[in-house]
Protein chains: 2
Amino acid sequence: MDQAVLEASFRAYFLGLGHDIDWQYLSLSMMLHPVRKGDYLFHQGELANQLYFLHSGLVRYVGVSDAGKEFTQTFVKGPRVIGSTRAMVTGMPVLFGIQALSDVMVISYPWAEFFQQMSQDKGFLASYMAFLEQIFIAKEERESAFVKHSAERRYMDFCADYPELKEQVPLQYIASYIGITPIALSRIRQKLKLSNG
Amino acid sequence: MDQAVLEASFRAYFLGLGHDIDWQYLSLSMMLHPVRKGDYLFHQGELANQLYFLHSGLVRYVGVSDAGKEFTQTFVKGPRVIGSTRAMVTGMPVLFGIQALSDVMVISYPWAEFFQQMSQDKGFLASYMAFLEQIFIAKEERESAFVKHSAERRYMDFCADYPELKEQVPLQYIASYIGITPIALSRIRQKLKLSNG
DNA sequence: GGGATTTCTTAACCTAGGTTAATTTCTTGG
DNA sequence: CCAAGAAATTAACCTAGGTTAAGAAATCCC
């Protein structure tokens with residue numbers, strides 16, 4: 001994939017956040033990271049203080065519990081900025097790894113320098129703010145769903161909200177996203193099948 | 001409480017987010033909301049597209065499940081901006097209400113106008129961004145804890161992380177914060193008491 | 001200070017979802 | 001196109017935590 005295409009996609013994504021951005025401040029060159037289906041961009045516990053951009057394709061954020069069980073925090077489709085805000089901002093190791101669910105190409109900038117340069121621009125600040133608002137709101141909604149709804153309801157909501165993912169993504173990942181085991185999801189699906197004739 | 005004191009506290013809080021702010025753009029006057037211990041600033045499902053500022057005292061964010069069960073999303077001590085980012089930004093009804101755990105005084109500005117005026121200022125944008133980063137990171141850490149640790153471990157972490165709250169806050173709210181019933185929390189406390197002699 | 005209310009604990013029982021394990025179906029690389 | 005691995009289902013059993021209920025302890029307020 002052509003670097004220029006990725007760069008254009010990156011800029012278009014930021015533009016889509018709603019504010020004009022002046023890229024003249026940016027003097028860094030991007031890094032390219034091809035990631036094969038199933039492989040990880042980085043794992044839980046590693047440092048990842050980069051700004052990553054997923055041009056296209058699908059990834060999931062994965063955490064591993066004390067008991068060694070995998071948990072899918074979220075699915076993300078490109079184009080979007082991915083990575084750990086917490087790790088970028090604090091320099092701490094990431095709480096969740098990122099696994100590619102299709103072959104993808106990711107680009108990165110070192111966050112500290114990137115932000116340092118781009119923070120000259122008000123449009124960039126406003127765009128990054130809009131991004132933070134988006135991801136925060138998504139988390140708030142997810143927390144609310146977890147606390148207020150049963151596993152069965154969360155599965156039905158997932159199917160309604162992400163009909164494409166329902167087809168593309170292995171059931172075990174969907175189960176780990178709604179917070180249950182694949183076995184429990186099978187039981188729920190069986191029950192729903194029966195009650196819908 | 002004196003309005004001027006609240007206003008000064010509000011500005012000092014923003015300053016604490018790390019950037020100089022020029023308040024000349026702000027022409028709105030604030031509203032005062034006294035809230036008595038136990039009362040709500042607003043309830044789940046209401047509109048709350050205001051920027052609220054808690055000068056001092058303690059509040060909790062409360063959600064109610066489908067089954068009518070209360071759930072504490074977070075505890076917040078003043079001075080801090082409180083309210084729902086989601087409701088401010090989207091104008092949608094809030095997913096969580098805010099209940100005062102002590103008598104408190106809250107001030108507010110209508111978010112849309114406030115933001116419109118203040119977004120002239122780069123220091124304000126950077127400060128608000130820092131705030132969004134903070135609350136997002138807190139959510140990411142909480143999500144990680146929920147998924148990775150047992151209820152017992154979450155209770156021990158709560159005690160270690162918030163020793164003051166442990167004394168001030170009724171156990172039932174702590175239970176609902178770590179995601180279990182007060183009965184289950186009693187069992188855990190009993191077990192810990194025994195195993196520590 | 002004392003009755004009323006709320007909070008906390010304990011006990012007995014129940015259930016959603018976890019665990020293990022065996023079977024079937026689907027993918028995929030050669 | 002087939003063998004081998006991965007994914008999904010089903011069954012039998014188990015357990016953390018929920019539920020109901022009833023006392024004990026703390027708090028509130030008149």
Side-chain angles (χ1 to χ4, degrees), chain A residues 36-40 58 60 62-72 75 99-103 145-159 165-196, chain B residues 36-39 58 60 62-72 75 99-103 145-156 158-159 165-196:
Chain A
R36 308 219 52 187
K37 178 174 178 176
D39 288 351
Y40 282 75
L58 183 65
R60 68 180 185 125
V62 191
V64 180
S65 78
D66 290 349
K69 204 140 301 160
E70 273 192 4
F71 171 86
T72 299
F75 298 103
Q99 183 186 32
L101 298 181
S102 59
D103 290 355
F146 248 91
V147 159
K148 295 180 184 168
H149 305 321
S150 67
E152 184 177 324
R153 166 75 185 275
R154 295 201 302 276
Y155 175 63
M156 291 190 300
D157 287 350
F158 176 86
C159 294
L165 288 187
K166 199 193 155 207
E167 308 305 325
Q168 279 177 55
V169 168
L171 285 173
Q172 56 179 322
Y173 296 165
I174 297 177
S176 84
Y177 175 75
I178 63 176
I180 59 179
T181 57
I183 294 106
L185 180 56
S186 263
R187 282 192 287 238
I188 287 172
R189 284 161 54 83
Q190 174 66 11
K191 190 180 151 210
L192 291 175
K193 214 188 302 171
L194 292 176
S195 65
N196 294 334
Chain B
R36 308 218 52 187
K37 178 174 178 175
D39 288 351
L58 184 64
R60 69 181 185 124
V62 191
V64 180
S65 79
D66 289 348
K69 205 139 301 158
E70 275 192 3
F71 172 84
T72 298
F75 298 102
Q99 183 186 31
L101 298 182
S102 59
D103 289 356
F146 248 91
V147 159
K148 295 178 185 170
H149 306 321
S150 68
E152 183 176 325
R153 166 74 186 275
R154 294 201 303 274
Y155 174 64
M156 292 191 299
F158 176 86
C159 294
L165 288 187
K166 199 192 154 210
E167 308 305 326
Q168 279 176 57
V169 169
L171 285 173
Q172 56 179 321
Y173 295 165
I174 297 177
S176 84
Y177 176 74
I178 63 177
I180 58 179
T181 58
I183 295 106
L185 180 55
S186 263
R187 281 193 287 239
I188 288 173
R189 284 160 55 83
Q190 175 67 10
K191 189 180 151 211
L192 290 175
K193 213 189 305 174
L194 293 175
S195 65
N196 293 335

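Residue numbering restarts at 1 for every chain, and letters A, B, ... go by the order of the sequence lines.
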Checklist entry - Just how far, in rounded Å, is P of dG17(D) from CD of Glu152(B)? => result 9 Å
Next on the checklist: Expected output is a numbered-order residue list: members of residues 165-174 of chain B with a heavy atom under 4.0 Å from any atom of DNA chain D. What is it?
Outcome noted: none
Checklist outcome for this item: To the nearest angstrom, the CG-C1' distance between Leu192(B) and dT9(C) comes to 15 Å
Item to check | Residue list, ring pair (Phe, Tyr, Trp, His ring centres under 6.0 Å) with Phe158(A), at least two apart or on another chain | outcome: Tyr162(A), Tyr177(A)
Checklist outcome for this item: To the nearest angstrom, the CZ-C1' distance between Arg36(A) and dT28(C) comes to 13 Å
Item to check | Partners meeting side-chain contact (heavy atoms from CB on, under 4.5 Å) with Ser102(A) (sequence neighbours left out) | outcome: Leu58(A), Val104(A)
Next on the checklist: Rounded to whole Å, please give me the gap between CD in Gln190(B) and C1' in dA12(C).
Outcome noted: 16 Å
Checklist entry - At under 4.0 Å between heavy atoms, what does Gly179(A) touch on the DNA or RNA strands: base, sugar-phosphate, or nothing? => result sugar-phosphate
Checklist entry - Roughly how far, to the nearest 0.5 Å, is the CD1 atom of Ile180(A) from the CD atom of Gln172(A)? => result 13.0 Å
Next on the checklist: Does any part of the side chain of Val169(B), heavy atoms only, come nearer than 4.5 Å to the side chain of Thr72(B), both counted from C-beta?
Outcome noted: no
Checklist entry - Considering all heavy atoms of both residues, which atom of Leu192(B) and which atom of Glu152(B) are nearest to each other, and what is their separation? => result CD2-OE2, 3.6 Å
Checklist entry - Taking only residues two or more places apart in sequence or in another chain, which ones pass side-chain hydrogen bond (donor to acceptor under 3.5 Å, both in side chains) with Glu70(A)? => result Arg60(A)
Checklist entry - Looking at residues at least two apart in the chain, or sitting in another chain, which of them share a side-chain contact (heavy atoms from CB on, under 4.5 Å) with Ala145(B)? => result His149(B)
Checklist entry - side-chain contact (heavy atoms from CB on, under 4.5 Å) with Ser65(B): which residues, sequence neighbours excluded? => result Lys148(A), Ala67(B), Lys69(B)
N/O-N/O pairs, protein side and nucleotides 19-25 of chain C side, under 3.5 Å:
| residue | atom | partner | partner atom | Å |
| --- | --- | --- | --- | --- |
| dT19(C) | OP1 | Lys69(A) | NZ | 2.9 |
| dT19(C) | OP2 | Lys69(A) | NZ | 2.7 |

Item to check | Point-to-point distance, once rounded to the nearest 0.5 Å, from CD of Glu167(A) to SG of Cys159(A) | outcome: 8.5 Å
Checklist entry - To the nearest 10 degrees, how far apart in direction are the end axes of the helix from dG1(C)-dC30(D) to dG30(C)-dC1(D), each fit to five base pairs? => result 60°
Item to check | Approximate separation, where rounding is to 0.5 Å, of Ile178(B) CD1 and Met156(B) CE | outcome: 10.5 Å
Next on the checklist: Output one letter per nucleotide in nucleotides 24-30 of chain D: B when a protein non-hydrogen atom lies under 4.0 Å from the base, S when only the sugar-phosphate is that close, - when neither is.
Outcome noted: ----S--
Item to check | Non-neighbouring partners of Asp39(B) that pass side-chain hydrogen bond (donor to acceptor under 3.5 Å, both in side chains), sequence neighbours left out | outcome: none
Checklist entry - In chain order, what residues pass the ring pair (Phe, Tyr, Trp, His ring centres under 6.0 Å) check against Tyr155(A), with sequence neighbours excluded? => result none
Item to check | Arg189(B) or Arg154(A), whichever maps to the more 5' nucleotide of DNA chain C | outcome: Arg189(B)
Item to check | Spacing of CD1 belonging to Ile188(B) relative to CZ belonging to Arg153(B), to within rounding of 0.5 Å | outcome: 13.0 Å
Checklist entry - Where the side chain of Gln99(B) meets the backbone of Gly38(B), is there a donor-acceptor pair that is under 3.5 Å apart? => result yes
Next on the checklist: In this structure, how many angstroms lie between the C1' atom of dG18(C) and the CD1 atom of Ile188(A), rounded?
Outcome noted: 13 Å
Checklist outcome for this item: From CD1 of Ile180(A) across to C1' of dT9(D) the rounded distance in Å is 14 Å
Checklist entry - Rounded to the nearest Å, what distance is computed from the CG atom of residue Leu185(B) to the C1' atom of nucleotide dG18(D)? => result 14 Å
